2 protein chains.
Amino acid sequence: MHMIHIKELFQHAEQYYDQTIQVCGWIRSIRDSKNFGFIVINDGTFFQPLQIVYDNTLDNLEQIRHLNVGASLIISGRFIATPGAKQPFELHAGRITIEGTSSPDYPLQKKRHSLEYLRTIPHLRPRTNTFQAVFRIRSLAAYAIHKFFQENDFVYVHTPLITANDCEGAGEMFHVTTFDLDHVPENDQGRPDYSQDFFGKETNLTVSGQLNGETYAMAFQNIYTFGPTFRAENSNTARHAAEFWMIEPEMAFADLKDDMTVAENMLKYIIQYVLDHAPEEMTFLNQYIDKELLNRLHHVVNSDFAHVTYTEAIELLKKHQEQFTYPVEWGCDLQTEHERYLTEQIFQRPVFVTDYPKEIKAFYMKLNPDGKTVAAMDCLVPGIGEIIGGSQREENLELLIQRMEETGMNTENYDFYLDLRKYGSTRHAGFGLGFERCVMYLTGISNIRDVIPFPRTTGNCEY
Amino acid sequence: MHMIHIKELFQHAEQYYDQTIQVCGWIRSIRDSKNFGFIVINDGTFFQPLQIVYDNTLDNLEQIRHLNVGASLIISGRFIATPGAKQPFELHAGRITIEGTSSPDYPLQKKRHSLEYLRTIPHLRPRTNTFQAVFRIRSLAAYAIHKFFQENDFVYVHTPLITANDCEGAGEMFHVTTFDLDHVPENDQGRPDYSQDFFGKETNLTVSGQLNGETYAMAFQNIYTFGPTFRAENSNTARHAAEFWMIEPEMAFADLKDDMTVAENMLKYIIQYVLDHAPEEMTFLNQYIDKELLNRLHHVVNSDFAHVTYTEAIELLKKHQEQFTYPVEWGCDLQTEHERYLTEQIFQRPVFVTDYPKEIKAFYMKLNPDGKTVAAMDCLVPGIGEIIGGSQREENLELLIQRMEETGMNTENYDFYLDLRKYGSTRHAGFGLGFERCVMYLTGISNIRDVIPFPRTTGNCEY
């Protein structure tokens, strides 16, 4: 017999009233009286649960009334509208089949558990309201990103995870090896003999797919990546994970202005998609996690993002120097406190800060005519600060090589990247969106460990 | 001025006839005559190129006529219908701006290059027809998979890449470490002291997200993963890569029959989506890569997949023993030759082979009542053999532990997995689709290195 999803019941209830249907799910609560009882089940398809009513005509009444929270059931019965009751409808059980029992030591009882406690049971926490909301939104946001780019004819590119690029960030990379770490083979110089390793060379986990992504933008014009990225940073904060997902679009024949237009449209699209497709989850998070959440997201969707240069931003911030722990001056990296002050207090809406000093930005960013700043942009949003960082890329071969040499890079390792400037180079631009940062923003969740199914952080790699 | 994509011109040509428009792209070929010339450009948005006609009124005529293949241009001019000509329309250039030149040593000249040669320039090969087709189809297929599952209310789950699970397959896993391999710290026993490593324990790259995925299926009912997977297998074949992407759906309250229904619907959906959204690319591949490609895919979309048990399949194959290099008998693993004979010769359509001997399948597969076979399924398709492997999972705690002990596993490391059978266990099933295998099937490409942007194989990790 066909199983009806609880989502379907909530969306098309009238089609099922007074019919015999079959549903399944896990017990959220059970309340037994003398001749009847109530079971609330969730089947994972919808945020709201379904109430089941049973009476003493059940064959297996004794087993049913002794069930524990967490047990899984298949129930067939009559679907009844309950106008005036707390819930819009309920199911009058004719038969309840026990798929799997639970026990009184089930770690998720019907009470509020702290996020910290739930972090210790990452395999069970998606069964709670909070994590049902967070991880359904994570899924919807991921799909919204694909949908946005595909509808705009961007090509999705899988850039490699294992890389031989010895990027500047090498100190923060994870090594990948098939060496037996008990016996790392040595070469003549007493160094690890990577010629014997799986790839015949030293390899690491990627910190960004951008350089690879650029090669595809020079073929398909508009591309995006969406894949895992790694940082072996020893920082035990609420915002850092060792393994996270990044979205990195790259556009040929595009400048910094085009870049910002795409970033703004994308952010608004993701937010609107989640608001449209998870209203129950968003209402719950707004009530229990962050009471400003919906206001903030609606505000972002309805704002024209502001634009300010870094130089102008520094002047604006200097007038409020007394507000900050870290003083601002031209040349400094903006701290989160500065970013939030700009977007929350000064502009009171999302703002793009552009044209940063070249010294605090990456080698591949396009040098502005002033010779001092680069065509970079950071998108700052109220409540969080930076959510997107991007730039126009240096498309001029000589300037790019010059900048690589200034920053002490070995240009020989970047032949493929330099080829893009030799053969049909063109203005191009892109940006990076940290997916977890985005999910935190969409859900109001303040610790990155609570938006990743099985988070990997310093000293933590469970399951 | 707004840039019009060549895709837009092919789809809505009539809207642009006799108008002045601006396009951009890279030169595929250039032919210069005394007073005029032709340039064919591709802008990456569409498989077909656009023909540009210029004459001697151009300001920069001398520069233009000396351009090389690969140069990037922005062209404005009048868009003209050319009824009766080879191409349906062309652009009469009023102004041609050179964004970036190319040179006579550009590695992609207007001639056919071998796939082997193109493998040596993975950063440039997406600019060729073959790889424009392959990688656009890869992108479309990835999106079709997301679309299929999201439209069926599956939740997308990002299972972890770095794992501490010491799976049976450990010998084929890549180690992940931040140790300086010059000086791996040792503990009292002279073994690597993993307590000093980044995660405080030994970690590897995942070979499958299934076990983690099951934890989310027990919360959301229907979930899927789509992410990178790694095998440190030292096999230098046309079908193996060290880094590849996998799709692993998992469904609670579902049995093997449900599993096969989803797998069949998914495969047909992906194929139909690609046929609908990349007709030019598919026609090209059918012409130049595999002349049976379209026939084969149409046949799969229009077939009801057959079903046969492993035991029946062995009986059928035994009648054709003389056809095979490897003899078949009950208990043996099916080789590709057997799989292809079943689907191509015996059934002449896709076929699910079910209920394999437990000895040749994984520990988590559900034991059948016969005590000898498990509720596994492999989906075999003409032209390739196995494309999907799946099973119903053992949901019974005692049977699962027994099977783990039989296969020599340490159950202590699987507490989280066993918890799923203690608290609200239910019948559930899932399968795995290797994404590259799928793209090979969709494109007719026979080497996995040609469907991955930057392939990682034994001894090969470029860029």
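Keep in mind it's a predicted model, so treat the numbers as computed, not measured. In what follows, every chain begins at residue 1, and chains take the letters A, B, ... in the order their sequences are listed.
Interface remark: A/Y194 contributes side-chain atoms only to the contact with chain B (heavy atom separation under 4.5 Å). With a 4.5 angstrom heavy-atom cutoff, B/P192 touches chain A via backbone and side-chain atoms both. When heavy atoms are compared at a cutoff of 4.5 Å, A/F435 approaches chain B solely by way of its side chain, counted from C-beta outward. Proximity to chain A is limited to the side chain of B/V157, based on heavy atoms less than 4.5 angstrom apart. Looking at A/P126, both its backbone and its side chain come within 4.5 Å of chain B, counting heavy atoms on both sides. Within the 4.5 angstrom heavy-atom criterion, only side-chain atoms of B/T203, from C-beta onward, approach chain A. Of the atoms belonging to B/V155, heavy atoms from both backbone and side chain fall under 4.5 Å from chain A. Heavy atoms of B/E233 lying under 4.5 Å from chain A belong exclusively to its backbone. Only the side chain of A/N222 comes within contact range of chain B, with at least one heavy atom under 4.5 Å from a heavy atom of that chain. For B/R138, the part lying under 4.5 angstrom from a heavy atom of chain A is the side chain only. Both the backbone and the side chain of B/D182 come within contact range of chain A, with heavy atoms under 4.5 Å apart. Of the two parts of B/F131, only the backbone, made up of N, CA, C and O, holds a non-hydrogen atom closer than 4.5 Å to a non-hydrogen atom of chain A. When heavy atoms are compared at a cutoff of 4.5 Å, B/P122 approaches chain A solely by way of its backbone atoms N, CA, C and O. Heavy-atom distances place no part of B/S195 under 4.5 Å from chain A, backbone and side chain included. Interface remark: B/E243 contributes side-chain atoms only to the contact with chain A (heavy atom separation under 4.5 Å). Both the backbone and the side chain of B/K147 come within less than 4.5 Å of a heavy atom in chain A. With a 4.5 angstrom heavy-atom cutoff, A/T457 touches chain B only via backbone atoms. Only the side chain of B/K201 comes within less than 4.5 Å of a heavy atom in chain A; its backbone stays farther off. Looking at A/L205, the atoms closer than 4.5 Å to chain B (heavy atoms on both sides) all sit in the side chain, from C-beta outward.
For the set A/E462, A/Q221, A/H158, A/Q132, the entry with the most heavy-atom pairs within less than 4.5 Å of chain B is A/H158. No other option in A/R421, A/Q150, A/K7 has as many heavy-atom pairs under 4.5 Å with chain B as A/Q150. In terms of heavy-atom pairs under 4.5 angstrom with chain B, the leader among A/T178, A/T458, A/L161 is A/L161. For the options B/T128, B/L420, B/T215, heavy-atom pairs under 4.5 Å to chain A are most numerous at B/T215. Of the listed residues A/M218, A/R136, A/E202, the one with more heavy-atom pairs under 4.5 angstrom with chain B than any other is A/M218. Ranking A/A252, A/G424, A/G44, A/G100 against chain B, the residue ahead of the rest is A/G424, based on heavy-atom pairs under 4.5 Å. Residue with the most contacts toward chain B among A/G70, A/S102, A/A217, A/C461: A/C461 (heavy-atom pairs, distance under 4.5 Å).
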Passes side-chain contact (heavy atoms from CB on, under 4.5 Å), B/I74 versus A/R427? Steps please.
CA-CA 11 Å; B/I74 296 175; A/R427 71 193 78 175; 3.8 Å; yes

Given B/F135 and A/F220, is the ring-ring contact (aromatic ring centres under 6.0 Å, His included) satisfied, shown in steps?
CA-CA 9 Å; B/F135 289 112; A/F220 286 105; 7.4 Å; no

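To the nearest 0.5 angstrom, B/L108 atom CG is 9.5 Å from A/Y423 atom OH. Atoms OH and CG, on A/Y463 and B/N212 in that order, are 10.5 Å from each other to the nearest 0.5 Å. Note that CG of A/D197 and NE2 of B/H175 are 9.0 Å apart. Values are rounded to the nearest 0.5 Å. Atom CD1 of residue B/I121 and atom CG of residue A/D419 lie 9.0 Å apart, to the nearest 0.5 angstrom. Note: A/H146 NE2 to B/F226 CZ = 7.5 Å, rounded to the nearest 0.5 Å. With rounding to the nearest 0.5 angstrom, the CG atom of B/L181 is 6.5 Å from the CG atom of A/L181.
Under 3.5 Å, the side chains of A/H5 and B/D153 contain no donor-acceptor pair of N or O atoms.
The aromatic rings of B/F454 and A/F416 lie perpendicular to each other, with more than 60° between the two planes, well past the 30° mark. Using cut-offs of 30° and 60° for the angle between ring planes, the B/F199 and A/F174 rings count as parallel.
For B/G227 against A/W245, the heavy-atom pair with the smallest separation is CA-CH2, 4.2 Å.
Inter-residue side-chain proximity for A/V176 and B/F230 is flagged as unmet; no heavy-atom pair is nearer than 4.5 Å.
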